[in-house]
Amino acid sequence: TASIRLQVWLSIIVTVSDTISGKADFHSMQERDAPIQNTTVPIMTRNTNYYGGVHRPRVPFFAVGAPVIDFTSLVHAMKEHRESISTSLKNLDRSYRIARASDYYMFRDTDDDDNDDGLSSLPLSSSLERRIERIATLLEADMLVLESLLDPFDLIHALPEPPDSSASAARQCEHSTYTDASSPNDGDVAQHAHNDNALPSTNDDSTATETDYINTPSSYDSVMHAISHIVRDWTILGKDVRKSTYTWCVDELHELYEENVRSKTKVLVPGAGLARLSYDIALSGFNVDANECSLVMSAVAHKFLHGIADGSLHPFCYDSLMNEVDSQLRYEEAVFPEEDTGPDHMVGTMSYTIGDFILAYSPAAKHMSFDSVVTCFFIDTATNVYEYITIINHVLRDGGTWVNLGPLQWHRNALITPSADELKIMIHSMGFTINKW
């Protein structure tokens, strides 16, 4: 019922066994639960079911682990993006001035008017001048689109706080937290954070300070990353990439679960980003909980999942002027979404949880709450990948299945960087039966 395959990326499907966790085999489907069951108590809801006067079924967005989501971070993200664009345009202007001076030097004996063949006597600087003007116009148009995508959105603050608030020290979007692999099913996994056997997950514990891990900025929690994800996940330009990644994950779930049981099957998708993979799984009839730590990604995902994201961007205008064959291709437009989206189209159900994966899913209430976990380009974001394996084991029901696809391009915060064969041994040792590798 599970698979691990080594292709261009590490593709894994594993099944929880009773080796470590005390779990037996699975495939007994339970009745579909609510998107979030017995885990949190909503204490504040901004509830609006109408978008543009059209009633739509809601995809609930939950915030876990922080008393209040600070939406001003979205404003700051846009401010940083605008400053970055301004810097890029200044650099282009500098290139233009250098090119113009060079053109004048090289063609100083030529009139500034067009030559007989219709070409400017200042070939490079004239072209750069036109390009800068056009790029500036397109980027300003993109700003208006991005500002609408990063509007504050409706969510439910779902608490309680993590069991040990000090365990959330120095949290950032790409960092994981302390867990005790020796007792993965003993109540809250995170409660073992500071015992003598805790897994190392920060570079220097003595300098750790308590941080709101949702609102802490990081390179991933940026507008530029959101742009690249929009193009990959929700435009025609990313279709081939999605086919080789997301479609593979969905097909594996289809092999595992017949259509008549999918509505009773709960699937967790950590590192969901803009939620295209989660959305595709829900389209197949599954009950999906997407998890993401980035507020920027969550804000944009909210618009797509409610069918109110509609527009276009010019992603290649953000690239540096290198390796170009045809400069006109830089202005190519990426229209989104490529197809009508929103919860109206889902056969299954879906929820979206904003918060760190470790802290959000380590509580005892999350124990054995999912039939399957699907990770795509996610596990190499771990500080200590043992933590991710522990939490995945923790949330899976008896015989539950973990489907993984992605590289082992460990992030710079990683404290351990196992190879594929070493990771295979680690996963097996943690109580999983490897069905495909």
Side-chain angles (χ1 to χ4, degrees), residues 70-108 110-115 119-151 172-174 215-232 234-235 237-238 273-274 294-297 299-300 309 311-336 411-412:
D70 183 8
F71 284 115
T72 59
S73 61
L74 299 179
V75 177
H76 294 324
M78 280 302 304
K79 179 182 177 182
E80 291 176 359
H81 182 66
R82 188 176 288 275
E83 290 173 352
S84 175
I85 295 305
S86 177
T87 299
S88 297
L89 290 175
K90 287 179 181 177
N91 290 336
L92 283 176
D93 181 65
R94 182 182 60 184
S95 296
Y96 162 73
R97 286 184 280 108
I98 293 174
R100 186 172 179 83
S102 300
D103 280 348
Y104 270 122
Y105 178 80
M106 296 299 297
F107 305 105
R108 57 186 178 275
T110 307
D111 292 337
D112 195 25
D113 298 330
D114 288 350
N115 297 327
L119 298 177
S120 172
S121 60
L122 304 176
L124 180 57
S125 56
S126 297
S127 176
L128 278 177
E129 184 176 20
R130 292 190 296 268
R131 292 174 70 180
I132 292 172
E133 181 179 357
R134 187 169 182 184
I135 288 174
T137 300
L138 295 177
L139 293 182
E140 187 60 34
D142 284 2
M143 284 289 183
L144 299 176
V145 174
L146 292 167
E147 286 173 355
S148 67
L149 292 174
L150 291 178
D151 276 344
Q172 288 190 3
C173 211
E174 69 270 21
N215 294 313
T216 300
S218 71
S219 59
Y220 175 69
D221 198 37
S222 67
V223 175
M224 275 307 307
H225 270 79
I227 292 172
S228 63
H229 282 232
I230 290 170
V231 175
R232 183 193 67 192
W234 296 103
T235 77
L237 298 179
L274 300 190
S294 164
L295 187 58
V296 168
M297 295 292 181
V300 179
S312 65
L313 294 169
H314 303 84
F316 305 111
C317 286
Y318 299 91
D319 288 342
S320 58
L321 303 184
M322 298 182 184
N323 292 322
E324 284 190 298
V325 176
D326 182 353
S327 61
Q328 295 302 309
L329 296 178
R330 178 169 297 277
Y331 313 121
E332 184 176 356
E333 186 179 41
V335 179
F336 62 84
H411 286 205
R412 63 183 180 273

**Report entry** By ring-ring contact (aromatic ring centres under 6.0 Å, His included) - contacts of Tyr318 (at least two apart)
**Finding:**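 Per chain and number, Tyr318 pairs via ring-ring contact (aromatic ring centres under 6.0 Å, His included) with His81.
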Can you give me the closest heavy-atom contact between [X] and [Y], atom names plus distance?
{"X": "Ala226", "Y": "Leu274", "result": "O-CD1, 4.0 Å"}
{"X": "Leu128", "Y": "Ala99", "result": "CD1-CB, 3.7 Å"}
{"X": "Ser294", "Y": "Tyr220", "result": "CB-CE2, 3.6 Å"}
{"X": "Pro315", "Y": "Ile227", "result": "CB-CG2, 4.4 Å"}
{"X": "Phe316", "Y": "Arg330", "result": "O-NH1, 2.6 Å"}

Rounded to the nearest 0.5 Å, what's the gap from [atom1] on [X] to [atom2] on [Y]? Could you check?
{"X": "Asp93", "Y": "Ser88", "atom1": "CG", "atom2": "OG", "result": "12.5 Å"}
{"X": "Glu332", "Y": "Cys317", "atom1": "CD", "atom2": "SG", "result": "10.5 Å"}
{"X": "Leu92", "Y": "Arg97", "atom1": "CG", "atom2": "CZ", "result": "11.0 Å"}
{"X": "Leu122", "Y": "Tyr104", "atom1": "CG", "atom2": "OH", "result": "5.5 Å"}
{"X": "Arg130", "Y": "Ser125", "atom1": "CZ", "atom2": "OG", "result": "9.5 Å"}
{"X": "Glu129", "Y": "Leu124", "atom1": "CD", "atom2": "CG", "result": "11.5 Å"}

Is the shortest heavy-atom distance from the side chain of [X] to the side chain of [Y] under 4.5 Å?
{"X": "Ile135", "Y": "Tyr331", "answer": "yes"}
{"X": "Leu295", "Y": "Asp70", "answer": "no"}
{"X": "Leu139", "Y": "His314", "answer": "no"}
{"X": "Arg131", "Y": "Tyr96", "answer": "no"}
{"X": "Val223", "Y": "Glu80", "answer": "no"}

[Y] backbone acceptor or donor facing [X] side chain under 3.5 Å:
{"X": "Thr137", "Y": "Glu133", "result": "yes"}
{"X": "Arg82", "Y": "Met143", "result": "no"}
{"X": "Ser148", "Y": "Val145", "result": "yes"}

Report summary line: In short, ring pair (Phe, Tyr, Trp, His ring centres under 6.0 Å) pairs touching residues 121-141 with sequence neighbours left out are none
Report task. Could you please spell out the steps behind the side chain to side chain contact (heavy atoms under 4.5 Å, CB included) verdict for Met78 and Val75? Result -> CA-CA 5 Å; Met78 280 302 304; Val75 177; 5.9 Å; no
**Report entry** Stepwise side chain to side chain contact (heavy atoms under 4.5 Å, CB included) test for Phe336 and Leu149
**Finding:** CA-CA 12 Å; Phe336 62 84; Leu149 292 174; 4.0 Å; yes
**Report entry** Partners passing side-chain contact (heavy atoms from CB on, under 4.5 Å) against Val335 (at least two apart in sequence or in another chain)
**Finding:**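 Val335 satisfies side-chain contact (heavy atoms from CB on, under 4.5 Å) with Ser312, Glu333 only.
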